[in-house]
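Side-chain atoms are counted along with the backbone in the values below, which use heavy atoms only and exclude waters and symmetry mates. Values in this document were obtained by computation on a predicted structure and should not be read as measured data.
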Amino acid sequence: MEQDRLSQPKLDYNLLFILFLMAIVSAIAIHSAQPTLPEKLQNVNFAYKQLQWYAIGVVVIALTMIIDYDRFFQIAWYLYGFGMLLLLGLELNVPGTVTIKGATSWYSLPGGNFQPSELMKIFMIIVLSRIIINHREKYPEPTVKDDFRLLGKIALTVLPPLILLMKQPDLGMSMVFVAVTASLVLVSGIRWRIILGIVFAGLMAVAILVFIFFRFPDFFHKYILEEYQLNRFYGWLAPYEYSNEQGFQLIRSLLAIGSGELYGKGFGNIQVYLPEAHTDFIFGIIAEQFGFIGASVVISLFFLLIYRMVHIALESNDLYGSYLCAGVIGMITFQVFQNVGMTIGLLPITGLPLPFISYGGSSLATYMLAIGLVLNVHSRTKKFMFSSEE
């Protein structure tokens, strides 16, 4: 029997074409949102800057693909340590930190503000994937005790950055870290009854928090959630009762999306003012101008993106590559669901941008780095064909 190794194409052109379409959608949406921005921002061409960041992202993808993803396995803990140092710097308010809307989450750099938590979520995917691989190699036939041991390793790795994020405070990014962790736990081989037990425990914890909120409000405000974080829930659950404050953004978003109807009002025809239109609420801008059809096209692009990444993960003959893809899929899927969900009132507003569409330098570069990891896995996946001859 002979074994022939057929190399896959070095690039996944389907995935790259989807990114190209997203870049076009992003530039159009941001350009159309420009007139709604405050006067002090009118001199900045955000659409052009977004395309510049896309160009930088292409370079990031190229650099990521040069390095075999096995190298990331080897330096995973160094990357994790570097990310922790950046987060600790924010906590200690070292020179260069920036506080926006009460959250100290950025460093001031010559090209703009840099959010280290964006980079840290990629490092988290890399290090958690390594932990799972090492555990599976050590326990090829894991017992229930081994599964709990793996959960303990994951928890000890995730909790330090999660605590620092909560202290910034950055609830939205904390939720992304939880989503990344959950996606990797789901594919780690841990028994489903343990996972379901964790889900049940999480629901019980939420129920307890709700009880504390109504029974001991002073304790809740002092030790669990600050007032401004609770305001987001008030604005989500009863936006019209808090229409001038907490519910203002959601009401405007619902008006914009609803007024777009099926076909939209047309490019540039924006009649509903949306705060943060080029970042957090870019989906509302798209829905108002291009209606349900335009919004569906954007959702379809994300579906195709995620479908393609799932295909690459399943196609990979290396578990570490599959785990890297799973982490990226979980991260992007959650952020899309959260952003779209908050604009239509399905979820509370957290300030998470819409991946690849919302304006943002460090966030877009991070997404492109994540796509670079997936393309790296694809480019080094080998297809085997076995044939026999008489």
Side-chain angles (χ1 to χ4, degrees), residues 22-57 98-103 105-115 118 170 172-173 228 231-232 235 239 243-260 264-291 294-295 298 335-336 338-345 349-367:
M22 286 187 167
I24 294 174
V25 171
S26 177
I28 292 173
I30 293 172
H31 176 72
S32 65
Q34 186 82 25
T36 69
L37 301 181
E39 186 176 350
K40 63 180 180 180
L41 299 178
Q42 289 297 325
N43 294 328
V44 182
N45 191 333
F46 286 101
Y48 178 71
K49 291 186 68 174
Q50 181 79 341
L51 291 177
Q52 286 182 320
W53 278 109
Y54 259 104
I56 293 172
V98 178
T99 301
I100 301 176
K101 296 181 180 179
S105 304
W106 295 267
Y107 287 105
S108 178
L109 298 179
N113 294 334
F114 164 68
Q115 190 173 7
E118 292 282 357
D170 192 340
M173 192 61 68
Y228 87 96
N231 288 341
R232 293 181 177 179
S243 58
N244 294 326
E245 298 177 1
Q246 298 91 338
F248 177 76
Q249 289 179 312
L250 178 55
I251 291 174
R252 303 305 295 179
S253 178
L254 292 174
L255 283 173
I257 294 173
S259 64
K265 300 173 181 175
F267 176 71
N269 188 6
I270 299 176
Q271 300 173 3
V272 180
Y273 167 73
L274 269 174
E276 309 294 341
H278 64 313
T279 54
D280 297 350
F281 288 92
I282 195 71
F283 186 77
I285 290 291
I286 294 171
E288 182 179 6
Q289 295 177 94
F290 305 104
V298 173
Q335 291 199 219
V336 172
Q338 170 61 39
N339 181 272
V340 175
M342 76 180 190
T343 60
I344 62 177
I349 295 174
T350 58
L352 288 176
L354 186 61
F356 305 105
I357 306 296
S358 295
Y359 174 78
S362 58
S363 60
L364 179 57
T366 303
Y367 301 138

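Residues I270 and P35 are not in side-chain contact: their nearest non-hydrogen atoms beyond the backbone lie 4.5 Å or more apart. With a 4.5 Å cut-off on side-chain heavy atoms, F46 and T279 do not count as touching.
Taking CE of M173 as the reference point, atom OG1 of T350 lies at 9.5 Å (rounded to 0.5 Å). A distance of 14.5 Å separates NE2 of H278 from CD1 of I357, quoted to the nearest 0.5 Å.
Proximity of a side-chain donor or acceptor of Y54 to a complementary backbone N or O of I24 within less than 3.5 Å is not detected.
Looking at residues two or more places apart in sequence or on another chain, you find a side chain to side chain donor-acceptor pair (under 3.5 Å) between S26 and Q50. Remark: A295 engages F283, A287 in a side chain to side chain contact (heavy atoms under 4.5 Å, CB included) (not counting sequence neighbours). The side chain to side chain contact (heavy atoms under 4.5 Å, CB included) test applied to V98 returns I100, W106, S108, N113, not counting sequence neighbours. Residues forming a side chain to side chain donor-acceptor pair (under 3.5 Å) with Q335 (at least two apart in sequence, or on another chain): K121, Y367. The ring pair (Phe, Tyr, Trp, His ring centres under 6.0 Å) check on Y107 picks up nothing, with sequence neighbours excluded. Considering only residues two or more places apart in sequence or on other chains, F290 meets the ring pair (Phe, Tyr, Trp, His ring centres under 6.0 Å) condition with none of them. Remark: S362 engages no residue in a side chain to side chain donor-acceptor pair (under 3.5 Å) (not counting sequence neighbours). Looking at residues two or more places apart in sequence or on another chain, you find no side chain to side chain donor-acceptor pair (under 3.5 Å) involving S253.
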May I have the step-by-step check of side-chain hydrogen bond (donor to acceptor under 3.5 Å, both in side chains) for D170 and Q115, ending in yes or no? CA-CA 11 Å; D170 192 340; Q115 190 173 7; 3.1 Å; yes
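Between Y273 and F248, the two ring planes are tilted [angle within 30° to 60°].
Sorted by first and then second residue, the salt bridge (charged side-chain N to carboxylate O under 4.0 Å, His left out) pairs involving residues 264-274 (not counting sequence neighbours) are K265-E288. Residue pairs satisfying the side chain to side chain donor-acceptor pair (under 3.5 Å) criterion with at least one member in residues 27-38, sequence neighbours excluded, are listed as follows: S32-Q289.
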